[in-house]
Every structure is written in structure tokens, then in C-alpha cells.
Novice: 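I have a structure here, written as C-alpha cells, and I will follow up with some questions on it.
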Amino acid sequence: MTIRQNTRFTIKTHIAALFSGCSCSTVLGRLWWNIFQSVLMLFFPAVVRCFCMVVRAFGKGIIPCRMFPGRLVFNWCCGVLCAGMVAHAGPASSDTLELYTITVKQDGTRDEHAVKDKIKLSEEERMHLSVDQMLLKTPGITTSKTGGIGGYLGVSLWGSSDNQVNIYVNGMPQNQAANGASFLSDIDPAQIEEIEVYKGMAPDFLEGSPIGGVINIITKQGQKGARLQADLGIGSFGRYKANAGVQLGNSLLNTFFHAGWDQGENDYDYPFDNKLETESGSYKEAKDLDKLTFSHNQHQLFTLHSVTSMYLGKGHSFSLDGGFSGTDKNFSIFGVDTAGGPSRQSHKLNTQLQYKHKTVNKKNLLSLRLYYNTIQEEYDDRGGDLGKGKDYDNDVFYTIGAVAWDRLQINHHLNIAVQGSYSIKMHQFTNMLNNTVYPMLYRYQGEGKLAPQYRFNEHHRLRLQAVASYVLEEYYEGYRESAFGVKLPTGVDHGLWSAYGEYGYTPIKNVETFVSVGNGYRLPTFNERFGDKGTIEGNPELLPEKSLNISTGVIYNLPWMSISTRYFLREGRNTITFRQNSQNTIKPENTDQTQVNGEEISVRVFKQKRFSSLINLTHQTAINKSVPPGDEFRQYAFLPHIPVMQLYVSQDLFWKYFCFNVNAYYRGITISNPSGSANLYDQYNHNTTYQFQLNARLSYRVGKLQGVAGVDNITNESLEDYFTSPLPGRSYKATIQIQM
């Protein structure tokens, strides 16, 4: 079977399973079928029985589907969800994922986007969930990570690479010019208030025009009154954590201060497949090994964060947002026990000053923001079998920026937003083994945005956004060579632009339809352009990535339920692809034409008297359109560590002071990709064709005391993810919280 035939067969297999769930033994098929039946029962009960008979006859015996672990639990959750769809309607809970209706507010504040999801979190979820588990609450997101607690965490939006997604904390950019991917695992989940997700675009009040989209993490803010909150937690593999938050405020001054500590030994066993990767990228048998220990993967994270807001009267306010975090990580790679190394130490300092002004007539909203961000990372791999004494580096990153944003309400139908920003990003790289200091690299970027919104009437609305950006990269230490002898040019400049349009139509009450078209861009990182001392051979000739993004969808909102479905298409130009030259060296290159497309659906039953439910389903695929006919492997290469099919289910049950949650995700049809094979975004991939994980937790609240305990990976699945790192098996954790 050819690669093309195999691709079509696997996708058809899943599609057939979706619509033949009554006769197949897959959880996915039965789950989708139950939802589909329930929705039909709501609107077309007269035709349900005839339709069921046709689908059952069509689907009978199509595929010998594999039974996945946890099938009974999934079917039980699905049954509860379907019962909830016909239950008595109740008010929506504040601790839910909200798919907002699209309206222009008359006070001049910004409108909500059709491509935006907001993840709201309960206190129980902040105590128990990791950042990647939080992000799974919205469809279209895929996370990948290395090892256990504190390992690298990458995120993909609608099939993008993690470099194509901009990460912000309270509007402050976290992506560095040297390495675009952000270490989301260095953020303490306990301080997160909510998460905004923009897919395929960036809103007018944030910088940039990224290809994949934006994740804006909003931390807890100060409020009126006095409050103290403290958490203590323990878990498997040497996990200990503690954090505390203090809130003080009145009508003039509010302050919130948070401090957290999180550590884990991360020593765990995992089954070994009796194969070892050789230097050529092939595999050889290793029959004497049945199990390895993923050890020496210690993690320590210390965070401090404070937000102080002062209200000056007459619409004026001022806030200071600052934070510090320090991490110390010692980890193994590729399942090799590297006693004593490698290790990574990182220190972050984030500071942000923000001034806001709203006029008395509420027709204007002005925001001025200054921010400073510095990160220092030290990577040491002088000991152990992997590094062989070749890596001891020190990286320092600086970012200084200013943003001015204003939204003006012109009349009842029209409001316009204007934004201007300027930032300086710097990178200093030092090879500590031979005491070589490489030239300081600078990136200067100025950007302007203009975003009008117009509502014709209660049924039609239009949003436009135009972005122009100029970027200059240079250094001031003369003509030198970087890693692997790559020449450093004296300067590189780019003029970039982006345009975005979104049309929304409300045919009937509670139903929103939309179509959006826009383009995005991403500059090559310093590591991609100039390389690093370790594994990346730089390519100074790299061009910026560009894309055309198209999406359309329907959002159906009720007070007790929401359903959204979206289709997305991304046509890429000059997509940066890593080509592996040897076992240890990779070189980035531009791929002329790529395409990513897919669909997502989300069904949410908001908190009823006894339960709430969530189901997210995403399908996505990628094609290298620049490959000539005949090279089917490269043309139909799947996305690295990103599944074609992803399903996430979460079910909450409430009884008195208790809340029980069971959640699971399934990721499927991912073709194994050894490190010697190239694909669209990079050379790494988890080596299993599917992943499945089932989790559960139980929380109890009485008065000012709350506790939560749970188990992850109940079925003890053996999984590997980014960098082919084995993930932990079954693990336990518990946290207790007191509020005063």
C-alpha cells in the first residue's frame, strides 16, 4: 500500500467509524453516534428511527475497529452527556468554556471574535490541572511535551508548529527572537485566572500577526477586600508543591501577590520496545532490555508574581505587573539514562507598566503599556552518555517593548481600534566550554494596526484589520562566523504586512455564522538563521514564513448548552522545515508550498444541578504541495507530534460538597517518524500511531477548606511524545487549599 493509499485508508477508517458507531466497537464511533442521535432527537424526532436504520445498515461490518481501554467509562460519560442535552435548562456556570456571542459593545470596549475561545477555570482546576490539561478544554489545540512535570511543553493551534503560535501573559509577549517556542511549563497553574485563545489571527490589542494564532494567559488580579489563599500538594514521582496568594484592595488600590514552589523527581519506569536507535537513524534489536528508568529528570520551579492597580478617578487607572521565576531542570533525552546530565537552569524576570484611560462618555478606551522581559538559560551536558562533554552554553534574552492601543466609538454602528508598538529583542550566546562569546544579536520591530468594526444591523457585522510591520536585524561586533561556520550578515531587514477580515451573520436568535480570511507571517528565529553551538546549523538565507488563513463555522448558544463547529484552511509559503543531515545536526530550510486543513467541533453542556459536560473533536492534516509527483512520503508527511484525529471528553458530576470529574483524550493516525526522516515542521515525532489517556479526580469543599485528589493515566498507557520522550505511566496527586 502506498503512502497516499495508506493516508486515505486511515482517514476513511476514522470517518466510517464515526458514523457506524452502533455496530463498531470503538469508543469514538459510539460517542459521536450518541451525540448525533441526541441532537436529532431535539429537532427532528420523527425521522430519527428511519435514519438510524439506514446508518446501521451502511456501517455494519465496515471495519474491524480496535477496542480502546476505558470504553465502558467513555460510554457512561456519553450517556450522561446525552441525558443532559434534554434536561431542564439552567443558568450557565462561570467555571466553563464560553463561546461568546458576537456583539459590538456600546461602551467602546473590544468586540469578541468568532475565532476566539475563552477557557475559564474553577479553583479546583487551578489546584489540580497542568497547563497542557487546561488547554485541552478548547478544540483545535494540540500539546506536546518531553517527559514528566516541568518538561518542555509545546502547543499547536489548528495544525501549526509551536513556533507559529504567539504566547502572552497579561498581554506581555513571551516568545523570544532566538527561539520562538515558549516554555509554557514554567508558568504556575495556580496563578492563572483564565486563558484566551485566538486561532489563526491576533486581536488588535496584541502585537504581531502570527500564522497559528495567540494564547493569552491572564493571571489573577487584585480585587476589593482582603483574602489569603494557600495550597499544599503531593504526587507520584517525588512531586511536592506549595503556593500562596494574598489579595488586598479597596476602591482606590488593589494588590494581588502570588508565590509558588513546585518540584518533582520524575523518576519512573517505562516499557522498552527492545529497539535502540543507531547513529544512522535506523533501529537494532536489544533483547536484553525490557524496561528502562526515565531518571535524573528532576524539576524545580519557583515563581513570584504581583499585580497592583491604582484607580485615579475620571476613567484613569494605572497598574504594575511584575514577576520572577526560576527553574532548575535535569533531564534525560531519548530514553537514555544520562546520570548527572544534561541540565537546564533558567531565570525569568517580567515587568509591565500599564496605563488605562476611559473617557466619561464611555466612547473611548485608551491603553498604554511598557514591558521588560529577560530570560537567562544555562544548559549543561558535560556528563553522561549523550552529551559526551560537548555542551555547556549560556543564553541571555532581553525584550523591551511599548504598546499604545485605542478604541474609539464613532457611532452606534462603527468603532475603530488603532495600535502602535515598538520592541527590541536581544540575544547573547556564550559557549562556556571554550569561553567563546558570540556577537550580540538585535531585532528591532515597529508595527501599526488599524481595526474597524461595523455592525449593519442585528443580523450582519463586519470586522477588518490591517497590519504593517518593519523589522531590522543586526549586530555591532564586526563580521564574524557563528556556529558551524555560518556567516553573520551585518544586517537583514523585512517589510511585512497582514490583512484580516471577518464577516458574521445571525440568521436566527442564538445562531452565529461567520467566515474569516487573513494572512500571517513569522520571522526566522536567531537559532534558525545563525544556528546554535549544538544541533542546529544556521541558514542566513531563510525567508519569513507567510500564510493565507481561511476559516468558517457556526456557533449555537443556549443558556444551558453551546455547540460550535469550524473549518480551517492554511496555505503556507516559505514554511521553515528542519532537514536532518546526521544524527546530531539539522538545518532549517524553506518549503515553498504547504497546506494544513481540518475541522473542529465542540459540544458543551453548562453546569446543571448535578453535572456539566464537554466534548471536543478535531481533525487535521498537512500536505507538502511543493514536492514533485512521485515523492509520496514527503508530499503526504503528517505533522510531527500532532495527531490527525484528536478527541477530548470531560464529565463533571456534582453532589452536595463533592465534584467528581472523569476526562480522557484520544489522539490517532500519527505515522511514526524516526529522527532521520524529514517532515513539514521538524524532525521529531512520538513513535506511536495513537495515544489514549484516561484521568479522574474528586474534589470536596466545605467552608473555607477545599481538597482535590486524582489519578492520571488510569489505564497505565505507555506513551512517547516530543523528542520521543517517554511520558509517565499511572500517577497520583492530591492538593489541599485553605482560604481566609
Novice: Keeping the roles fixed (side chain from S498, backbone from N519), state whether a donor-acceptor pair exists under 3.5 Å.
Specialist: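 Looks like yes, one N/O pair under 3.5 Å.
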Novice: Any donor-acceptor pair under 3.5 Å linking the side chain of D652 with the backbone of K607?
Specialist: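 Between the backbone of K607 and the side chain of D652 there is no qualifying donor-acceptor contact (under 3.5 Å).
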Novice: Please assess L206 against W405 for the test side chain to side chain contact (heavy atoms under 4.5 Å, CB included), listing each intermediate value before the final yes or no.
Specialist: CA-CA 9 Å; L206 293 177; W405 174 80; over 6 Å; no
Novice: Mark yes or no for whether R369, through its side chain, and Q352, through its backbone, hold a donor-acceptor pair below 3.5 Å.
Specialist: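 Flag not set: sc R369 to bb Q352 has no pair under 3.5 Å.
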Novice: Would you say that Y371 contacts P173 through its side chain, given a criterion of any heavy-atom pair below 4.5 Å between the two side chains?
Specialist: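 A side-chain contact exists here, since the closest heavy-atom pair is under 4.5 Å.
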Novice: Just so I know, are the side chains of F654 and S612 near enough to count as touching, which here means a heavy-atom distance under 4.5 Å?
Specialist: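 In short, these two side chains touch, coming nearer than 4.5 Å.
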Novice: Locate the shortest heavy-atom distance separating I187 from V131; write the atom from each residue and the value.
Specialist: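 Looks like O-CG2, 3.8 Å.
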Novice: Any chance the side chains of Q739 and E123 put a donor and an acceptor closer than 3.5 Å?
Specialist: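 On atom types as modelled, these side chains do not qualify, holding no pair under 3.5 Å.
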Novice: Do V596 and W158 make a side-chain contact, defined as non-hydrogen atoms from C-beta onward lying under 4.5 Å apart?
Specialist: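 Sidechains of W158 and V596: no contact.
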Novice: Should I410 and I416 be marked as a side chain to side chain contact (heavy atoms under 4.5 Å, CB included) after you check the CA-CA gap, both sets of side-chain angles, and the distance that decides it?
Specialist: CA-CA 7 Å; I410 305 299; I416 299 176; 4.3 Å; yes
Novice: Strictly distance-based, threshold 3.5 Å: is any side-chain N or O of D117 a donor or acceptor partner for the main-chain N or O of T138?
Specialist: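 Not a single qualifying donor-acceptor pair exists.
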Novice: Quick check: do L184 and D132 have side-chain heavy atoms less than 4.5 Å from each other?
Specialist: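 SC-SC contact between L184 and D132 ruled out.
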Novice: Report yes or no: does Q465 contribute a side-chain atom to a donor-acceptor pair with the main-chain N or O of A202 at less than 3.5 Å?
Specialist: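 Judged by distance alone, yes, a pair lies under 3.5 Å.
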Novice: Quick one: list whatever passes ring pair (Phe, Tyr, Trp, His ring centres under 6.0 Å) with Y505, sequence neighbours left out.
Specialist: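 Testing Y505 for ring pair (Phe, Tyr, Trp, His ring centres under 6.0 Å), a comparison that skips the adjacent residues, returns H460.
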Novice: With a cut-off of under 6.0 Å to the ring centre and 45° to the axis, is K199 in cation-pi contact with F568?
Specialist: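 No - K199 does not lie over the ring of F568 by the 6.0 Å and 45° rule.
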Novice: How long is the span from the CG atom in N373 to the NZ atom in K348, to the nearest 0.5 Å?
Specialist: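 N373 atom CG to K348 atom NZ measures 7.5 Å (nearest 0.5 Å).
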Novice: Any donor-acceptor pair under 3.5 Å linking the side chain of K449 with the backbone of P203?
Specialist: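 Here the side-chain-to-backbone pair exists.
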Novice: In the structure I gave you, are the side-chain heavy atoms of N350 and Q174 within less than 4.5 Å of one another anywhere?
Specialist: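 Of all side-chain heavy-atom pairs linking Q174 with N350, at least one is under 4.5 Å.
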Novice: With distance as the sole criterion, is a donor-acceptor pair present between the side chains of E193 and T219 under 3.5 Å?
Specialist: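 There is no such pair between these side chains.
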Novice: What is the minimum heavy-atom distance between I211 and S547, and which atoms define it?
Specialist: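 Distance-wise, the nearest heavy atoms are CG2-OG, 3.4 Å.
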Novice: Any donor-acceptor pair under 3.5 Å linking the side chain of Q646 with the backbone of I141?
Specialist: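 Checked: pair present.
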Novice: Ignoring hydrogens and geometry beyond distance, is a side-chain donor-acceptor pair present between H305 and D321 at under 3.5 Å?
Specialist: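 Result is yes, a qualifying pair exists.
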Novice: Does F256 have any ring pair (Phe, Tyr, Trp, His ring centres under 6.0 Å) partners at least two apart in sequence or in another chain, and if so, which?
Specialist: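 Here no residue qualifies.
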Novice: Under a 3.5 Å cutoff, is there a donor and acceptor pairing between the side chains of S613 and Q651?
Specialist: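 Q651 and S613 do have a side-chain donor-acceptor pair below 3.5 Å.
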Novice: Hey, are the side chains of I615 and L647 touching, using non-hydrogen atoms and a 4.5 Å cut-off?
Specialist: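 With C-beta onward as the side chain, the pair touches.
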Novice: Checking H427 now: which residues fulfil ring pair (Phe, Tyr, Trp, His ring centres under 6.0 Å) with it, not counting sequence neighbours?
Specialist: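 Once residues adjacent in sequence are excluded, the partners of H427 under the ring pair (Phe, Tyr, Trp, His ring centres under 6.0 Å) criterion are F397.
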Novice: So does G200 get a backbone contact from the side chain of N549, meaning a donor-acceptor N/O pair under 3.5 Å?
Specialist: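 Yes, because the side chain of N549 sits within donor-acceptor range (under 3.5 Å) of the backbone of G200.
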Novice: Could you check R461 against E502 for salt bridge (charged side-chain N to carboxylate O under 4.0 Å, His left out), going step by step and ending with a plain yes or no?
Specialist: CA-CA 8 Å; R461 62 175 180 82; E502 179 182 298; 3.0 Å; yes
Novice: Keeping the roles fixed (side chain from N415, backbone from N411), state whether a donor-acceptor pair exists under 3.5 Å.
Specialist: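 Judged by distance alone, no pair lies under 3.5 Å.
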Novice: How about Y372 and L349: do any of their side-chain heavy atoms sit closer than 4.5 Å?
Specialist: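 With C-beta onward as the side chain, the pair touches.
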Novice: Evaluate side chain to side chain contact (heavy atoms under 4.5 Å, CB included) for R443 paired with F526, printing each intermediate quantity in order.
Specialist: CA-CA 9 Å; R443 174 178 290 176; F526 289 151; 3.9 Å; yes
Novice: With distance as the sole test, does D204 use its side chain to make a donor-acceptor pair with the main-chain N or O of V418 at under 3.5 Å?
Specialist: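 Looks like no, no N/O pair under 3.5 Å.
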Novice: For side chain to side chain contact (heavy atoms under 4.5 Å, CB included), just list the numbers for R566 and S551, CA-CA rounded to whole Å, side-chain angles, deciding distance to a tenth of an Å, and then say yes or no.
Specialist: CA-CA 7 Å; R566 301 182 178 105; S551 63; 5.8 Å; no
Novice: If we ignore angles and hydrogens, is there a donor and acceptor under 3.5 Å between the side chains of N163 and S161?
Specialist: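 Looking only at side-chain atoms, S161 and N163 do not form any donor-acceptor pair under 3.5 Å.
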Novice: Where do G598 and Y567 come nearest, in terms of heavy atoms and distance?
Specialist: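 Reported closest heavy-atom pair: O-CD1, 3.1 Å.
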Novice: On a heavy-atom basis, which atom in G208 and which in Y168 lie closest, and how many Å separate them?
Specialist: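 In terms of heavy atoms, the two residues are closest at N-OH, 4.4 Å.
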Novice: Quick one: does M645's side chain get under 4.5 Å of L617's, heavy atoms only?
Specialist: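 Yes, close enough: below the 4.5 Å cut-off.
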